[in-house]
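Start at 1 and go down the list; that is how both ligands and their atoms are numbered.
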Amino acid sequence: MFFPDYRARRMRASETLRRMMQETRLTTDDFILPLFAINGKDIKNPIESMPGQFHLSIDHIVKTVKEARDLNIPAVMIFGIPDKKDALGTSAYAKNGIVQRAVKEVKNKVPDITVITDVCLCQYTDHGHCGIPDKKKIDNDASLDLLARTAVSHAEAGADMVAPSDMMDGRVAEIREELDEKGFEDIPIMSYAVKYCSAYYGPFRSAADSAPKFGDRRTYQMDPANSREAIREATMDVEEGADIIMVKPALSYLDIISSVRQEIDLPIAAYNVSGEYAMIKAADKMGWIDGTKVMMETLTSIKRAGADMILTYFAIEAAKVLNG
Ligand code: PBG
Ligand code: ZN
């Protein structure tokens with residue numbers, strides 16, 4: 001059908017028609033809110049590179065989780081900022097580590113929200129890598145046991161789901177095996193399966209003080225130029241027992257979200273990362289864009305590309321818009 005028989009504008013003529021024609025609709029159920037937990041009491045320190053985001057002591061984590069729950073956001077993702085770092089990242093899997101205590105308290109005070117934990121070593125290691133180095137190389141196999149230990153310690157604290165973000169090969173299988181062995185066969189794994197080596201993580205790394213102290217992450221995170229490799233990474237994690245496959249970052253990788261959606265039948269999560277958040281906040285502050293509208297457009301595009309869920313620092317702000 002072509003003009004003048006077909007007129008595309010006919011179906012855009014009124015608010016009600018536009019509502020009827022809408023193909024993609026965001027809901028608060030799409031969001032997962034990432035949070036940064038820090039030791040101490042009554043601490044709410046603004047993260048400079050991520051306006052509107054904070055380092056929160058556990059009492060404030062609980063408050064924010066309640067706010068998210070009341071806005072109908074189904075899940076949060078907890079990151080930890082530890083007091084101490086060492087070569088083996090021991091505070092990542094300590095029984096009384098910051099994430100473990102935050103999870104325990106949140107599950108205690110706000111049982112009706114899903115608590116996911118980020119499983120990685122980079123915030124906890126003095127070298128800032130996601131795995132354990134042997135000389136200057138990241139030793140894949142030597143890192144697996146510590147990652148699995150971290151995941152189990154989160155489950156023991158009460159986490160509802162674990163999300164390994166390290167990009168070591170074989171870690172999903174190792175985590176699945178250890179969880180099962182400890183009786184956590186019902187705890188799902190959201191795998192950061194397709195994680196690119198991205199400069200968009202910059203604001204997060206200053207927030208979490210997790211930038212590598214030598215080298216970079218190119219030997220374990222993916223080359224932004226690659227898309228076929230995304231399917232191999234995702235397939236590998238499906239085979240190893242992942243329950244949700246994540247693509248990260250989101251905005252520069254909408255094509256990847258779309259192809260992973262077509263190739264993989266598991267739920268797909270997309271991580272709208274710190275740099276994507278910071279750019280919108282900065283341009284909005286300058287008066288160059290309408291930050292609220294760009295936020296909603298961005299989140300809609302991620303869902304339209306095929307994401308079933310979106311990890312986003314905008315979760316609370318966007319939920320407020322959706323809830324009117
Ligand atoms: C650590 C981790 C990173 C992010 C989530 N987990 C940073 C990195 O890999 O360097 C990035 C999150 C963001 O930028 O919002 N493994
Ligand atoms: Zn890491």
Side-chain angles (χ1 to χ4, degrees), residues 31-37 47-55 76-82 85 87-89 91-93 98-99 116-133 138-140 143-144 146-148 150-151 154 161-169 171-172 175 190-224 233 246-253 269-282 298-299 302 310-315:
F31 303 143
I32 299 168
L33 172 68
L35 292 169
F36 297 95
I47 298 170
E48 209 178 322
S49 53
M50 301 168 70
Q53 303 301 309
F54 302 86
H55 284 164
V76 294
M77 162 92 93
I78 298 186
F79 291 91
I81 314 285
K85 298 176 191 262
L88 295 175
S91 52
Y93 37 90
I98 178 66
V99 170
I116 310 170
T117 56
D118 181 85
V119 174
C120 204
L121 300 175
C122 54
Q123 285 114 274
Y124 309 90
T125 49
D126 50 16
H127 44 77
H129 278 287
C130 305
I132 300 304
I138 305 306
D139 185 342
N140 189 85
S143 307
L144 299 181
L146 300 184
L147 291 160
T150 304
H154 292 173
M161 192 185 304
V162 293
S165 68
D166 53 283
M167 287 295 279
M168 297 300 122
D169 292 324
R171 90 279 204 210
V172 171
I175 289 171
M190 173 192 279
S191 174
Y192 288 69
V194 183
K195 181 173 177 181
Y196 286 91
C197 191
S198 170
Y200 282 97
Y201 307 151
F204 174 96
R205 288 185 191 167
S206 38
D209 185 29
S210 65
K213 297 290 184 291
F214 66 88
D216 52 44
R217 303 210 203 287
R218 281 184 294 176
T219 67
Y220 43 103
Q221 298 181 347
M222 289 173 58
D223 184 335
E233 278 283 4
M246 191 202 296
V247 175
K248 175 186 179 192
L251 202 45
S252 290
Y253 299 87
Y271 202 137
N272 175 220
V273 301
S274 58
E276 301 171 39
Y277 176 82
M279 289 194 302
I280 293 177
K281 286 293 175 189
T298 299
L299 295 170
I302 296 169
I310 307 171
L311 292 112
T312 178
Y313 305 99
F314 286 120

Would Tyr253 and Val273 count as a side chain to side chain contact (heavy atoms under 4.5 Å, CB included) here? Give the steps.
CA-CA 11 Å; Tyr253 299 87; Val273 301; over 6 Å; no

Every pair of nitrogen or oxygen atoms between ligand 1 and the protein that is under 3.5 angstrom apart - can you list them with their distances to 0.1 Å?
{"residue": "ligand 1", "atom": "6 (N)", "partner": "Lys248", "partner atom": "NZ", "Å": "3.4"}
{"residue": "ligand 1", "atom": "9 (O)", "partner": "Lys195", "partner atom": "NZ", "Å": "2.8"}
{"residue": "ligand 1", "atom": "9 (O)", "partner": "Gln221", "partner atom": "NE2", "Å": "2.9"}
{"residue": "ligand 1", "atom": "10 (O)", "partner": "Arg205", "partner atom": "NE", "Å": "2.5"}
{"residue": "ligand 1", "atom": "10 (O)", "partner": "Arg205", "partner atom": "NH2", "Å": "2.8"}
{"residue": "ligand 1", "atom": "10 (O)", "partner": "Arg217", "partner atom": "NE", "Å": "3.0"}
{"residue": "ligand 1", "atom": "10 (O)", "partner": "Arg217", "partner atom": "NH2", "Å": "3.3"}
{"residue": "ligand 1", "atom": "14 (O)", "partner": "Ser274", "partner atom": "N", "Å": "3.3"}
{"residue": "ligand 1", "atom": "14 (O)", "partner": "Ser274", "partner atom": "OG", "Å": "2.7"}
{"residue": "ligand 1", "atom": "15 (O)", "partner": "Ser274", "partner atom": "N", "Å": "2.7"}
{"residue": "ligand 1", "atom": "15 (O)", "partner": "Tyr313", "partner atom": "OH", "Å": "2.6"}
{"residue": "ligand 1", "atom": "16 (N)", "partner": "Ser165", "partner atom": "OG", "Å": "3.0"}
{"residue": "ligand 1", "atom": "16 (N)", "partner": "Lys195", "partner atom": "NZ", "Å": "3.0"}

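- For the pair Gln53 and Tyr277, the minimum side-chain heavy-atom distance is below 4.5 Å.
- A heavy-atom distance below 4.5 Å is found between the side chains of Phe214 and His129.
- A heavy-atom distance below 4.5 Å is not found between the side chains of Lys195 and Glu233.
- You'll find the side chain of Tyr200 stays beyond 4.5 Å of the side chain of Leu251, heavy atoms only.
- Around the Zn ion (ligand 2), the protein atoms of type N, O or S that sit closer than 2.8 Å are Cys120 SG, Cys122 SG, Cys130 SG.
- In this structure the side chain of Leu147 never reaches within 4.5 angstrom of the side chain of Pro164, judged on heavy atoms.
- Put simply, the residue from Pro212, Cys122, Pro133 that forms a side chain to side chain contact (heavy atoms under 4.5 Å, CB included) with His127 is Pro133.
- The aromatic rings of Tyr313 and Phe36 lie parallel to each other, with less than 30° between the two planes, well short of the 60° mark.
- Although no hydrogens or angles enter the test, the distance criterion places a donor-acceptor pair under 3.5 Å between the side chain of Glu276 and the main chain of Ala250.
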